[in-house]
Amino acid sequence: MSVIRALHSQLLAKERSAEEIAREYLERLTQLEPQLKSFITITEELALQQARAVDARIRAGEAIGPLAGIPLAVKDNLCTQGIRTTCASRMLEGFIPPYESTVTARLAAAGMVTVGKTNLDEFAMGSSTENSAFQRTANPWDLTRVPGGSSGGSAAAVAADQAVVALGSDTGGSIRQPAAFCGVVGLKPTYGLVSRYGLVAFASSLDQVGPFGRTVEDVALLLQGIAGHDPMDSTSLKVRIPDYSQALIPEIKGFKIGVIRELLGEGCGEETRAAVQAAIQHLQELGAEILEIDCPSFRYGLATYYIIAPSEASANLARYDGVKYGLREPADSLLSMYGKTRAHGFGPEVKRRIMIGTYALSSGYYDAYYLKAQKVRTLIKQDFLRAFEKVDVLVSPTTPTPAFKIGEREDPLSMYLCDLMTIPVNLAGLPGLSLPCGFADGLPIGLQIVGNALQESKVLRVAYAYEQSTDWHRQRPPLEKPKESAPAQPKAKSKSGKGSKKSKG
Ligand code: GLN
C-alpha cells in the first residue's frame, strides 16, 4: 500500500490525527536535517496550522480527500506566498513571493501539509544539488554522495521520510535523475499537463512540475492533485484528466515495451545496464512483449539540450536586474548596479548558462546553434513518434551510473552527462517516470519508463506492475530507524499477497 493510502485510512479510522502525523514528520525531518540538509526552509507553523484544519474537518464529519493531512515537501523554485522562495540562489535569498504557484495552491486546497521548501541546484541548473548557493544535500543511502539534482532536496526528503511526497521540477531530468539516485519514484508529466504558473522559469519550453513518492501509487495520487488546465499558464493543456488510480493494475500482459537501444550501449555503466536488463526480463515474465527500438537522433540530445536550455535561461534570467526582484547591489550608476548585482547574485553554473545562451542566440550564431538545435529537437521527437507506432511505452536506465561522490564531478561536461538518458524526453515533451530497479554497492538504480504524450496512465501501469512484483521499493536507506509509531514502511501485509514475490538480481 502507498504511504498516502496508509495514512489516509489511519486518519479516517481516527487512529491518528493529522497534527500527530505532522509532528512526527517534522520531528524526523529536524532530526535528520543536520546530516541530510534537504531543506532550505522548514515551515513548521504552516504545517501544524494546515494539519489542524484537516483535523477540524474530520471532527466536523466532513469528507476528506486522499491528500488531506499528508506531509508534503516543495522544491524551492515554486512560489509560496509569504514564504521565501530562493531557487537556492543569492539572487533570491530574501525573496518572499506575493503570490502562490498553482500547484501548491491546489495541494493546499486539498488539505496537504507543507513541511518545507527543499534544496536544489541554483535555478534548477545542475544534476547534483551541489550548485545550491546555500548548502549541499547528502544522499540518504550514502552521506558522502550526491542525491542527484536539481530536485535533490525533494528526492532525499522522500527517501528519508522527512516528507511523504514532494514536488520537483524537471527540465532535463531533474525529477527522474534524483529519484533514481535516491531510490524513490519520480514522474515528469507531459509538457502542459501541470501548470507552470509560479514555477520560477528556467527553460520555459522544457520545464514541468511533477511528483516524488516512495511508491507508484503515491506519485499517481500527487499527480492527480496537480494535473489539469490552468488559465494562468498559456502552455497549459485543456484536456480531460483521467483518474490515475484506475491505471494501477498489476497486469501488463500483451503490453508492447520498447527498449531504447541507444541508451543501453555506450555511456551506460556496467552495473546499471545489468540491473536494467534484469528489469526488462522481469517485464517480459510479466507478459509484456519486448522490442528493441532505434532512436538514432538521441545521440544529439545532450548537445541539443545544452543549446536550447541555456538559450531560454539567458532570456528568462534577464529579469534579475536588481530592480524587480531580490538582490540589489548598491553602485553609483545603473549599469554598474546591474553588473554588480548579477556578478554577486548568480553562481558559476548559472553564469555559464547565461553566457552559452547569449552566445547561441546572438546574431550570426543564431542559425548555426539555436535554429539548428530546434531542428534536431524535431528529429528527436520524430524518433519517439515512430517508436510509439510500435510500442506502448519505452524503457531505459534513468541515469548512466548510480549516485557519485560529492565533489567528484567538477568538470561541467561530466555533470551534463548525467542527463544523457532523460533529456530526449523533455525535448519531446513526453511523460517519463523513474522507479527503483536494483542496487549497485548499496546505491539505488533507476528504471526509466517513457510514454507518448498524455499517456501517464500507461506509464504508471507498467511501473505499478513492476513495483508490485518486486521488492526494491521496500528497501530503506541505512539512516537510523524511524520510531515504531512512524508510518514508514508500506509493509508486505497488503492484500492478495501483492509484492510478496521477490525480484531476482
Ligand atoms: N541537469 C540538467 C541541467 O542542468 C537538468 C536540470 C533540470 O531538469 N532542471 O540543465
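Order of listing sets the numbers, starting from 1, for every ligand and every atom in it. The basis for the numbers below is simple: all heavy atoms, side chains too, and nothing from hydrogens, waters or symmetry mates.
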- Message: Please report whether the ring centroid of Y300 lies less than 6.0 Å from that of Y305.
- Response: no
- Distance flag, aromatic centroids of Y370 and Y365, threshold under 6.0 Å: no
If we ignore angles and hydrogens, is there a donor and acceptor under 3.5 Å between the side chains of [X] and [Y]?
X: S154; Y: K75; answer: no
X: E312; Y: S204; answer: no
X: T118; Y: D76; answer: no
X: S396; Y: Q448; answer: yes

Do [X] and ligand 1 have an N or O pair less than 3.5 Å apart?
X: K75; value: no
X: G126; value: yes
X: G173; value: yes
X: M125; value: no

- Is there side-chain contact between F212 and L187, with at least one heavy-atom pair below 4.5 Å? no
- Item | Note, L92 side chain near L327 side chain (heavy atom, < 4.5 Å) | no
Under 4.0 Å from a heavy atom of [X]: give me the atoms of ligand 1 that qualify, with their elements.
X: A124; answer: 6 (C), 7 (C), 9 (N)
X: Y306; answer: 1 (N), 2 (C), 3 (C), 4 (O), 10 (O)
X: G172; answer: 5 (C), 7 (C), 8 (O)
X: F202; answer: 9 (N), 10 (O)
X: D170; answer: 8 (O)

- Among S174, A313, S151, G148, which one has a heavy atom closest to atom 9 (N) of ligand 1? S174
Would you kindly specify which portion of [X] sits under 4.0 Å from ligand 1, judged on non-hydrogen atoms: side chain, backbone, both or neither?
X: S150; answer: side chain
X: D419; answer: side chain
X: F123; answer: neither
X: R353; answer: side chain

- Query: Judged by non-hydrogen atoms, does Y305 sit under 4.0 Å from ligand 1?
  - Reply: yes
- Task: Show your reasoning for whether side chain to side chain contact (heavy atoms under 4.5 Å, CB included) applies to L26 and I42.
- Result: CA-CA 9 Å; L26 284 164; I42 301 171; 4.2 Å; yes
- Task: With R145 as the cation and F404 as the aromatic partner, state whether NZ or CZ is under 6.0 Å from the six-membered ring centre and within 45° of the axis.
- Result: no
